[in-house]
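Below: one structure, written as C-alpha cells.
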Amino acid sequence: MMWTKNNIPDLSGKIEIVTGSNTGIGFETAKALFAAGAQVTIAARDVQKAKKAIQKIQSDTAGTGTLDYGKLDLANIGQVREFADLFMQKHTKLDILVNNAGVMVPPAAKTDDGFELQFGVNFMGHFALTGYLLPLLKQAANARVVTLSSGAATLVDSIDFDNLRLEKSYDEWREYAVSKLADILFSYELHRRFKNARMSAIAVAAHPGVTRTDLQRNIPDENLEGMFAEFDQVMDPWQGALPSLFAATDASVEGGKFYGPDGPKEYAGYPALSNHHTAAMNDEAIAKRLWDYAENAIQLTYKFK
C-alpha cells in the first residue's frame, strides 16, 4: 500500500511534540499532524525559527489543529528538563512524542554535559526528554514514542562505552552510526519496559531513507552531490517524513518495531516494516547496559509505575 499523509486518521484532541520540527522532516511531520487536527508543539533550539515554522505551516496548511513552540536544546540536559517542566505545566497528557531532531557528521565537539555531540543530541537528549515527559505519557491512552534512527545503525556492531565522551580518535561517520544504533536500542528497550509495566503506550523506531534536508549541512556540497549520485532516488522532506508519520499514527503499527521506506535497500519509497536487522540492534544486553549508562550519566530514573 502506498501510504501517505492522507491516510492519517483524525487527531483532534491529541497532544503531540515533534523535536527539531522547524525544518526538514520534522517540519513536514509537524505540518501533517497539525493538518490532521493535533495540538502540536514545535520543539526547537532556535525560538525564532520555530515561530517562523509556525507561521509558514499556518499560511500553507488548512489545518484544524493548534501550533505552539518550545525552546529545546538537546545538547544541554538541564535545558531539556526546563522544556519538559514548562510543557507539563501546560498539559495534562502527551499522546505522541516524535524524537526527530538530530545532528549528522559534525566536526568533533561535545555537548554541554560532555558527551560526543552526535551521541549526546541524537540519543542522550531524547532519552532525557522521554524520561522527563513520562508522567504525561502515562496519562494518555495508547501513547506513542517514535524515535528516528537511520540505516546507518547497521554500520556498527556494538557501542564502545569507553568512547562516548570523545575519549578516542573521532570518526564522524562511526559516531553517527553509534548514535543511531543507540536510538534503535532505546526504542526497543523502552517498548519492553512499557510492556513490563503493563502500560498501553508503545515505542517505535523509524528511519527516513535518503532524504535531502538540513541534516546534511556538515557535508561539503561537492561531497554531498557525489554521495546522492550513488542513490537511485533522493526524496524530498515530505516523503522522508512518511515513516515517522506512519509510526506515529497508523493503527497497524506495532511497538518494538522499525519502520522505513519500502523501496530497494530502503533508500526511498513509502512506509513499511524495515528489513534492517542486525545482531547489535536486537541485543537486549547492550540495550540494558545503554539504558543503565544513560540513567546514571544524567541522574534520571524512569518511573513506569
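Each residue takes its place number in the sequence, starting with 1. Being a predicted model, the structure only gives us computed values, none of them experimental.
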Residues 83-92, side-chain donor-acceptor partners within the protein, below 3.5 Å, at least two apart:
residue, atom, partner, partner atom, Å
Asp85, OD1, Arg81, NE, 3.2
Lys90, NZ, Asp68, OD2, 2.8

If you look only at distance, which donor and acceptor atoms sit under 3.5 Å apart when one is on a side chain in residues 93-103 and the other is two or more places apart or in another chain?
residue, atom, partner, partner atom, Å
Lys93, NZ, Gly13, O, 3.2
Lys93, NZ, Asp95, OD1, 3.4
Lys93, NZ, Asp95, OD2, 3.1
Asp95, OD2, Ile15, N, 2.8
Asn99, ND2, Thr130, OG1, 3.2
Asn99, ND2, Thr147, OG1, 3.2
Asn100, ND2, Thr19, O, 2.9
Asn100, ND2, Gly20, O, 3.3

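For residues 101-114, every residue pair satisfying the side-chain hydrogen bond (donor to acceptor under 3.5 Å, both in side chains) rule, not counting sequence neighbours, is listed here: Asn76-Asp112. Judged as a ring pair (Phe, Tyr, Trp, His ring centres under 6.0 Å), not a single pair has a partner in residues 8-58 (not counting sequence neighbours). Pairs passing the side-chain hydrogen bond (donor to acceptor under 3.5 Å, both in side chains) check and including a residue from residues 278-294, sequence neighbours excluded, read Trp291-Glu295.
Annotation: side chain of Ile57 is in contact with side chain of Ile42 (closest heavy-atom distance under 4.5 Å). No side-chain heavy atom of Lys180 sits less than 4.5 Å from a side-chain heavy atom of Val156. Within the 4.5 Å cutoff, no side-chain heavy atoms of Val40 are placed close to those of Thr29.
Residues Phe161 and Leu117 fall within the same hydrophobic cluster, defined by Ile, Leu, Val, Met, Phe, Trp and Tyr side chains chained together at heavy-atom separations under 4.5 Å. Both Phe246 and Leu273 are assigned to one and the same hydrophobic cluster, defined by single-linkage of ILVMFWY side chains at heavy-atom distances under 4.5 Å. Hydrophobic clustering (ILVMFWY, side-chain heavy atoms < 4.5 Å, transitive): Val145 and Leu300 are in one cluster. Cluster annotation: Tyr170 is not connected to Val105 through the hydrophobic network of ILVMFWY side chains, with a link wherever side-chain heavy atoms come within less than 4.5 Å. Transitive grouping of hydrophobic side chains (ILVMFWY, heavy atoms separated by less than 4.5 Å) keeps Leu155 and Met281 in distinct clusters.
Scored by the salt bridge (charged side-chain N to carboxylate O under 4.0 Å, His left out) test, Lys195 finds no partners at all (sequence neighbours excluded). Take Ser252 and apply the side chain to side chain donor-acceptor pair (under 3.5 Å) test, not counting sequence neighbours, and it matches Asp250. Checked against side chain to side chain donor-acceptor pair (under 3.5 Å), Tyr302 has no partners two or more places apart in sequence or in another chain. The ring-ring contact (aromatic ring centres under 6.0 Å, His included) search around Phe119 returns Phe123, not counting sequence neighbours. By the ring-ring contact (aromatic ring centres under 6.0 Å, His included) test, His207 pairs with Phe258, His276, sequence neighbours left out. The salt bridge (charged side-chain N to carboxylate O under 4.0 Å, His left out) search around Glu189 returns Arg192, Arg193, not counting sequence neighbours. Under the rule for a side chain to side chain donor-acceptor pair (under 3.5 Å), the partners of Ser274 that lie at least two apart in sequence or sit in another chain are Glu266.
The main-chain N or O of Gly26 is never found under 3.5 Å from a side-chain atom of Ser21 such that the two would form a donor-acceptor pair. Judged purely by atom type and a 3.5 angstrom limit, Arg144 uses its side chain to pair as donor or acceptor with the backbone of Ala247. Checking side-chain atoms of Ser59 against main-chain N and O of Lys56 turns up a donor-acceptor pair under 3.5 Å. The main-chain N or O of Ile184 is never found under 3.5 Å from a side-chain atom of Ser187 such that the two would form a donor-acceptor pair. Judged purely by atom type and a 3.5 angstrom limit, Glu167 uses its side chain to pair as donor or acceptor with the backbone of Arg165. Formation of a donor-acceptor pair under 3.5 Å by the Glu82 side chain with backbone atoms of Lys71 is not found in this model. Judged by distance alone, with hydrogens and angles left aside, the side-chain atoms of Thr4 form a donor-acceptor pair with the main-chain N or O of Asn6 at under 3.5 Å.
Aromatic ring pairs are classed by plane angle as parallel below 30°, tilted from 30° to 60° and perpendicular above 60°; the pair Tyr270 and Trp238 is tilted.
In this structure, CZ on Phe186 lies 10.5 Å from CE on Met124, to the nearest 0.5 angstrom.
For Tyr69, the OH atom sits in a loose shell: 12 or fewer heavy atoms of surrounding residues, nucleotides or ligands are nearer than 6.0 Å. By the 6.0 Å contact criterion, NZ on Lys138 is enclosed, its count of non-hydrogen atoms from other residues, nucleotides or ligands being greater than 12.
Salt-bridge formation is detected for the pair Asp160/Lys168: a Lys NZ or Arg NE/NH1/NH2 atom is positioned less than 4.0 Å from an Asp or Glu carboxylate oxygen.
When all heavy atoms of Ser149 and Pro208 are compared, the closest pair comes out as O-CD, 3.8 Å.
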